[in-house]
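Please read these numbers as outputs of a predicted model, since none were measured by experiment. The figures here come from the full heavy-atom set of this structure, side chains too, leaving out hydrogens, waters and symmetry mates. In what follows, chains carry the letters A, B, and so on, assigned in the order in which the sequence lines appear, proteins first and then strands, with residues in each chain numbered from 1.
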Protein chains: 2
Amino acid sequence: MTIKSEALRTLPLFSGLKKDENTLLIENSRMQNCERGTFLFMHGDMITNFYVVCRGTVQIFRETPDGHEVTSDLLIAGDSLNADEIMTKQTTHNKNARAVDDAVLLVIPVKWMQENLSNFDHMAAHLMANLTDRLHSAQIEAEHQSTMSATQIVACYLQRLCMLYGFDPEGFDLPYSKTLIASRLRIELETFSRALKNLRGEGIDVDGVHVSFTDTKKTGQFVCDQCSLCEDCPAHLFLHKKAAQG
Amino acid sequence: MTIKSEALRTLPLFSGLKKDENTLLIENSRMQNCERGTFLFMHGDMITNFYVVCRGTVQIFRETPDGHEVTSDLLIAGDSLNADEIMTKQTTHNKNARAVDDAVLLVIPVKWMQENLSNFDHMAAHLMANLTDRLHSAQIEAEHQSTMSATQIVACYLQRLCMLYGFDPEGFDLPYSKTLIASRLRIELETFSRALKNLRGEGIDVDGVHVSFTDTKKTGQFVCDQCSLCEDCPAHLFLHKKAAQG
DNA sequence: CGACACTTTGAAGACGATCAACGCCGGTGG
DNA sequence: CCACCGGCGTTGATCGTCTTCAAAGTGTCG
C-alpha cells in the first residue's frame with residue numbers, strides 16, 4: 001500500500017488532490033506488476049482500465065496486415081498509457097500495449113475515472129494538459145517526419161532521449177534495442193544503423209549501445225537546419241542552449 | 001446577436017450549456033469576419049483568444065526557414081482553431097492561422113475560457129473529447145504517412161473530404177486549390193498531380209477540380225491494402241461499408 | 001561450441017522531391 | 001481587341017533517399 005500511495009503522490013497527473021480525494025483514489029486503484037513481454041491490453045480488447053507507468057517501459061504499437069509491428073510510443077515512469085481513451089466513444093483499444101521490460105503500473109478503472117473527472121478539478125486539468133502535450137508532440141513529430149532526413153530525426157531523438165531520461169550527455173547507453181527505437185522512429189533498422197554512422201560526422205558518437213555527444217554546436221546546426229520549430233521542440237531548445245553556452 | 005447565439009447553439013463544443021452559462025458565453029464572446037487571406041494570428045503572437053470557425057475555411061501552417069509553407073490543418077465550420085492552446089504553458093502561438101476564403105469566426109478570450117472551464121462541466125468534457133479526437137487523427141495520419149504510398153494517402157483524403165463535407169460521392173468539386181491540398185498532405189504539388197492520375201485506375205476519377213468515385217470496392221481494396229487501422233479511420237470505414245453494400 | 005537474436009553492411013530498386021518547361025486561364029494595361 | 005503577365009497545374013527527366021533483399025558479423029546464453 002505504501003508503494004501505491006507513494007506513486008499517487010509523485011505522479012504529476014494526481015498532484016494537488018485533496019486528502020479525501022487521494023484516499024478515494026487509493027481505494028479504487030491497484031498496482032500491477034507486468035513482466036517483460038506480457039501484454040497489458042491488445043487491439044480489440046474492451047477498454048476497462050486507465051494505466052500509468054510507475055516503473056519500466058511500455059510499448060504501444062499496432063500490427064500491420066503483414067505482421068510488421070508499428071510502434072506508436074514508448075512510455076516510461078510517469079506516462080499514462082491511454083489518457084486518450086478515457087473520453088472516447090470507442091469501447092475497445094485500438095492499439096496493443098506490451099511491457100518492454102519488467103514494469104510496474106498503476107491501474108484505475110476507466111469508468112471510475114470518467115465518473116469522478118468532474119469532481120476532481122485538478123485531475124481533469126492535468127489530463128487536458130497531458131492530451132495537449134501529446135497532441136503537440138504528435139504534430140511536431142509529423143512535421144519532423146516530413147521535413148527532416150532520417151539522420152536528422154535520429155539525432156533529434158537521441159537528444160530528446162538524453163533529456164527525458166536525465167542521462168549524462170557525455171555518455172550513456174541506449175535504454176532499449178535499436179530495433180525498437182527504429183520502429184518507434186518509423187524507419188527501418190538498416191536506415192537507423194546507417195544514420196548512426198552518419199552522425200559521427202555531426203557530433204554524435206554511437207558505438208554499440210553507447211552514445212556520447214561530442215560537439216553540441218555542430219549537432220545543433222545539423223538538426224535545426226531546415227527546421228521551423230526550434231523554439232517548440234525540447235530537443236532543439238536543449239541544443240541551442242548548449243551551443244550558446246559554448 | 002442572433003447569428004452569434006445561433007452559432008453557440010449549434011456548435012457541438014457548447015452543446016448542453018445551461019441557460020445562464022449560455023448568456024455568460026454570449027456576453028464574453030464576439031463574432032469576427034475575416035476576409036480571404038487575412039491572418040487571425042501569426043507564429044509568435046500572444047495567445048489571447050480561442051477561435052471557432054463558423055463559416056469558411058482557415059489554414060493552420062508554419063513557415064520553414066526557406067519560406068516554404070507547411071500546412072498542418074484546414075479547418076471548417078464547427079472546428080476550433082486552437083483548443084490545444086487553452087491549457088498550454090506557452091504564451092505565444094506556435095503556428096500561423098489564415099483565412100483561406102472569407103470566413104466567420106467565434107472569438108472568446110482564452111483567459112475567460114480557462115477561468116470558466118471548471119464551472120462548465122460539459123464544456124471541459126467537450127474540449128477533452130475534442131483534444132482526444134485530434135490526437136487520434138494525428139496518430140492515424142502519422143501511421144498513414146509511414147505505411148501508405150502518396151497515391152493511397154490522396155485516395156484516403158478524398159474519401160474523408162467527401163464524408164466531412166457531406167459531398168455527393170457521385171461527383172463533387174474540390175473545395176480548395178490543389179496546391180493547398182498537397183501542402184496539407186505534406187506532399188509536393190507534382191506528386192499530388194501524379195497521384196490523381198494513378199487513381200483513375202483505382203476507382204477515383206479526377207478531372208480538373210471535379211472528383212467522382214467510380215468503383216468504391218476497388219478503391220477500398222487499394223486504400224486499405226497494408227493498412228492496420230481500417231476500423232479506426234473514418235474514410236476506411238466508409239469504404240468498407242460501401243463495398244459491403246455492393 | 002552452437003543456436004539464436006540482434007546488428008551491420010552491401011547492392012539493387014522504388015518512390016517522392018526537385019528542376020525545368022510548357023499549357024491554361026483570368027486579369028491588366030496599352 | 002490584343003499583348004503581356006502571374007498564378008496555377010501538368011508533364012518529363014533526373015537525382016537523392018529510404019526501403020528491400022541478401023549475407024555476413026557480433027554477442028549472449030544454453
> Rounding to a whole Å, what distance do you find between A:Tyr176:OH and C:dT7:C1'?
Replying inline: 19 Å
> Which residues pass the salt bridge (charged side-chain N to carboxylate O under 4.0 Å, His left out) test with A:Asp205, sequence neighbours left out?
Replying inline: none
>> Just to verify, what does A:Glu188 make a salt bridge (charged side-chain N to carboxylate O under 4.0 Å, His left out) with, not counting sequence neighbours?
In response: none
>> How would you summarise protein contacts on nucleotides 23-30 of chain D per nucleotide, using B for base, S for sugar-phosphate only and - for none, with heavy-atom distances below 4.0 Å?
In response: --------
> Once each nucleotide of nucleotides 8-16 of chain C is scored for protein heavy atoms under 4.0 Å, what B/S/- sequence comes out, 5' to 3'?
Replying inline: BBBB----S
> Does the A:Arg200 side chain pair with the main chain of A:Val206, one donor and one acceptor, at a distance under 3.5 Å?
Replying inline: yes
Can you give me every donor-acceptor pair (side chain of residues 35-42 of chain A, partner residue at least two apart or in another chain, under 3.5 Å) with its distance?
unit_1  : atom_1 : unit_2  : atom_2 : d
A:Thr38 : OG1    : A:Glu35 : O      : 2.7

For residues 172-187 of chain A, run the donor-acceptor check on the side chains, cut-off 3.5 Å, and write out each pair with its distance to 0.1 Å, sequence neighbours left out.
unit_1   : atom_1 : unit_2   : atom_2 : d
A:Asp173 : OD1    : A:His210 : ND1    : 2.8
A:Tyr176 : OH     : A:Tyr165 : OH     : 2.4
A:Ser177 : OG     : A:Leu180 : N      : 3.1
A:Lys178 : NZ     : A:Gly208 : O      : 2.8
A:Ser183 : OG     : A:Thr71  : N      : 3.2
A:Ser183 : OG     : A:Thr71  : OG1    : 2.5
A:Arg184 : NH2    : A:Glu141 : OE1    : 2.8
A:Arg184 : NH2    : A:Glu141 : OE2    : 2.1
A:Arg186 : NH1    : B:Ser146 : OG     : 3.3

Distance-only check: which donor-acceptor pairs under 3.5 Å involve side-chain atoms of residues 189-199 of chain B, not counting sequence neighbours?
unit_1   : atom_1 : unit_2   : atom_2 : d
B:Asn198 : ND2    : B:Thr151 : OG1    : 3.2
B:Asn198 : ND2    : B:Arg194 : O      : 3.4

>> Can you see if the side chain of B:Thr179 gets near the phosphate of D:dG7 - specifically, an N or O under 4.0 Å from OP1 or OP2?
In response: no
> Can you name the side-chain hydrogen bond (donor to acceptor under 3.5 Å, both in side chains) partners of A:Asn82, sequence neighbours left out?
Replying inline: A:Glu85
>> So, using side-chain hydrogen bond (donor to acceptor under 3.5 Å, both in side chains) as the criterion, who are the partners of A:Asp133 when residues are at least two apart?
In response: B:Lys89
